[in-house]
Amino acid sequence: MTQPPGTSTGRAAARHFDPQTRVQFLQGVGPLRAQAYERLGIVTLEQLVRHYPREWLDASRFVAVKDLRPGELLTVVGEIKQAAALRTRGGRGDFSATVGDGTGVVPCYFFGQSFLARTLQPGVRVVVSGELDPVDHRMSNPMFEVIEGDLEQLLHAGRLVPVHALTKGVAARGLRTALRHALDEVADQVADPVPPEVAAAHRLVPLAQALRAIHFPESAEALAAARERLAFEELFQLQMVMELRRRVLAEEGKALALSTPGALAARVLGTLPFALTDDQRAAVADATGDLARPRPMHRIVIGDVGSGKTVVALLAAAHAIEAGHQVAFMAPTEVLARQHATSLARFATPAGIEVATLTGASTAAQRKLLQARLSSGEPLLVVGTHALLEDKVQMPTLALSIVDEQHRFGVKQRAVLAKKGVLPHVLVLTATPIPRTLQLAWFGDLDVSVIRSRPAGRGRLVTRVTGEEKFPQVVDFMAKELAAGRQAFVVVPAIEEGGKLEVRAAESEVERLRSHPLLRNFKIGLLHGRLKADEKLEVMRQFQANDVRVLVATTVIEVGIDVPNATLMVVENAERFGLTQLHQLRGRVGRGEHRSVCVFVGGRMLTAGGRERLEVMRTTDDGFALAEADLKLRGPGEMWGTRQSGLPRLKLANFWRDEALLMTARESARVVVGADPHLLEPVHAPLRRSLLAQYAEALELALAG
Ligand code: ADP
Ligand code: MG
């Protein structure tokens, strides 16, 4: 942001403050403390007033000292009677004072704050908020404020007290004081990203008022209105990003319409040993419909584990290949790429579609050959990992990119893939049942096909929840399954993915099983994040061939692995996983015709709440319901790896609670983009600037120029 030089530098005395003024110029901050603020991401006054509280303590109930009751946050107004700095035997400097108001006296004790002796001297009038300890009848470390003027101006006690994220060098009281100054100086000047027409339509509280009230609310109602206003602003901007991206896709209508008679897809259908489910058929129709239009497809297929997304992708690929184009199928890991290649080939090869693979494990000779074929424009279906993204891989006739498990790919990689082809149709597959609010919020720029029904004819799948002490019974059962020819997975949580601890946890589990008398005759394999690509492939190959009978793995097997002969899934320390993850793990079994069992073993530290959460797994088989429960319990961050999504974290908005607000925000974004698709009208300048500041990468194309 450009500023005339004089505004943000120079002497503090005759300072003119604006939102871009650096915090160091605030009274009581200074250059040294400004460095501490910077650790909180705060450089300017605007960033300071945008540093919202994490919570608010309601210390707004005033009582007489004689009416103080233990266990409640209450406030008294009085005078310091006695005061003393003390030194404990351990050498800590504490401070003790009594506060009286004519009805009684309450002792207050401040641990490690002997410096308070300077301010809280006898005779000083104070407001003190705290909880009376039921045992020693005093307040420990109460919130307090010295009264100089008007009670209205309280910041630290006797009100809804804001609790902000702090850091070393930025204490709560100092931050609140700085905020008070900053709000007084610049709240009215902060540019509002919400256009006036939107604010008016939804009768939003003015921005300046919301900023003041979010930090220093006068009442619970004022706080709620401020929170809603600022949460709306976040959601609205996120939806603006989605709408703008959508518009780019619609406008850049350079995609070739891949409309074919569908003979190749029909041949694939003919080779399938099963009929498509209704949802699969609908998803195929959606995708082929998109491909036939002269604008790039941007669709996500959301289908629970085992719902049969691969076939849907293959049928879409068949249309592109029939039209003479190349298709790239991207998988997040080596193992999955191989497996996809195999399962695609099962139905593709008989129909005359060649499936090639390109991964980190491909030899130099294989690479060279394949790259030559791709460069020549030969219509091929290539399955691969990140290796496909390398510059030297040319795909001049790439028409369709299929991306498995999108959230593991950044926005950037998707863009690289899109750029390789002249016609970036993109089909994303995900096994994570994304709740509707998240679909809108984070994939609002994509069209969505949902596969809810599962193919019929699968064996029954039973879920059990148990504790570590039942390990012998679990092994008993495992031995029986193995003796009957079946296979088992044992999953241990990765404490730190790819780290030493992960390997150690997995290895000790292997040792425990190998040394068990009942399991001595069965080969046990190990799969973890530290293995080399070819080692992983070898273990998987042996497991797929039923040579390895038990596969001990960290969460690397989480997505996509298909071994229908595996009928037992044991998850150790199951409480460490999210419900969605557990559901995906469970989906690894029950894929063949045999009855399957999934056992979630709680660790020794399992709490009652943790147990209850696992019980939900036992009673619910609906991935969407579990995803919603996860969202409610843990928030979207855990599930989605917010960082990878390429979108900034929302500070106040909550997808679960704010669904209605999200819908309003979405509608508003549509109206704004419809009226001013490039945000060029002057009235939208603050919005444009705010979006570019936060979402530069995501909006690279949408707001260029
Ligand atoms: P996911 O959606 O988890 O990727 P897959 O595509 O791997 O699921 O399909 C799981 C298994 O179900 C595969 O073996 C696949 O061949 C099979 N399958 C797919 N569609 C059907 C169907 N309509 N009826 C029966 N089996 C199917
Ligand atoms: Mg799959």
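Both counts, for ligands and for their atoms, begin at 1 and track the order of listing.
- Distances between N or O atoms of F274 and those of ligand 1 include no value under 3.5 Å.
- Residue contact check: T310 has heavy atoms under 4.0 Å from atoms 4 (O), 5 (P), 6 (O), 7 (O) of ligand 1.
- Within the structure, the closest approach of P273 to ligand 1 does not fall below 4.0 Å when heavy atoms are considered.
- Short contacts between ligand 1 and R346, defined as distances under 4.0 Å to a heavy atom of the residue, involve ligand atoms 14 (O), 16 (O).
- Of all the heavy atoms of P564, none lies under 4.0 Å from any atom of ligand 1, so neither backbone nor side chain is involved.
- Atom-to-atom distance recorded for R586:CZ and M569:CE is 11.0 Å, nearest 0.5 angstrom.
- One finds a salt bridge joining R373 and E354 here, because a Lys/Arg side-chain nitrogen approaches an Asp/Glu carboxylate oxygen to under 4.0 Å.
- Using cut-offs of 30° and 60° for the angle between ring planes, the F329 and H340 rings count as tilted.
- With a heavy-atom cut-off of 4.0 Å, L276 touches ligand 1 through its backbone alone.
- For ligand 1, one of its N or O atoms has an N or O atom of G308 under 3.5 Å away.
- Numbered from 1 in the order shown, with element, the atoms of ligand 1 that lie under 4.0 Å from a heavy atom of A275 read 22 (C), 23 (N), 24 (N).
- Ligand 1 places these atoms under 4.0 Å from at least one heavy atom of F347: 16 (O).
- With respect to the salt-bridge test (charged N to carboxylate O, under 4.0 angstrom), the residues R452 and D279 do not qualify.
- Geometric assessment of R514 against the ring of F522 yields a negative cation-pi assignment under the 6.0 Å and 45° thresholds.
- Taken from CE in M242 to CZ in R666, the straight-line distance is 9.5 Å, to the nearest 0.5 Å.
- Note on R367 versus E390: salt bridge recorded, some NZ/NE/NH1/NH2 to OD/OE distance being below 4.0 Å.
- At least one heavy atom of S307 lies less than 4.0 angstrom from ligand 1.
- Near Q280, meaning under 4.0 Å from one of its heavy atoms, ligand 1 places the atoms 19 (C), 20 (N), 21 (C), 22 (C), 23 (N).
- Between E572 and K470 there is no salt bridge, since no side-chain N of the basic residue sits under 4.0 Å from a carboxylate O of the acidic one.
- For ligand 1, the atoms closer than 4.0 angstrom to any heavy atom of T277 are 23 (N).
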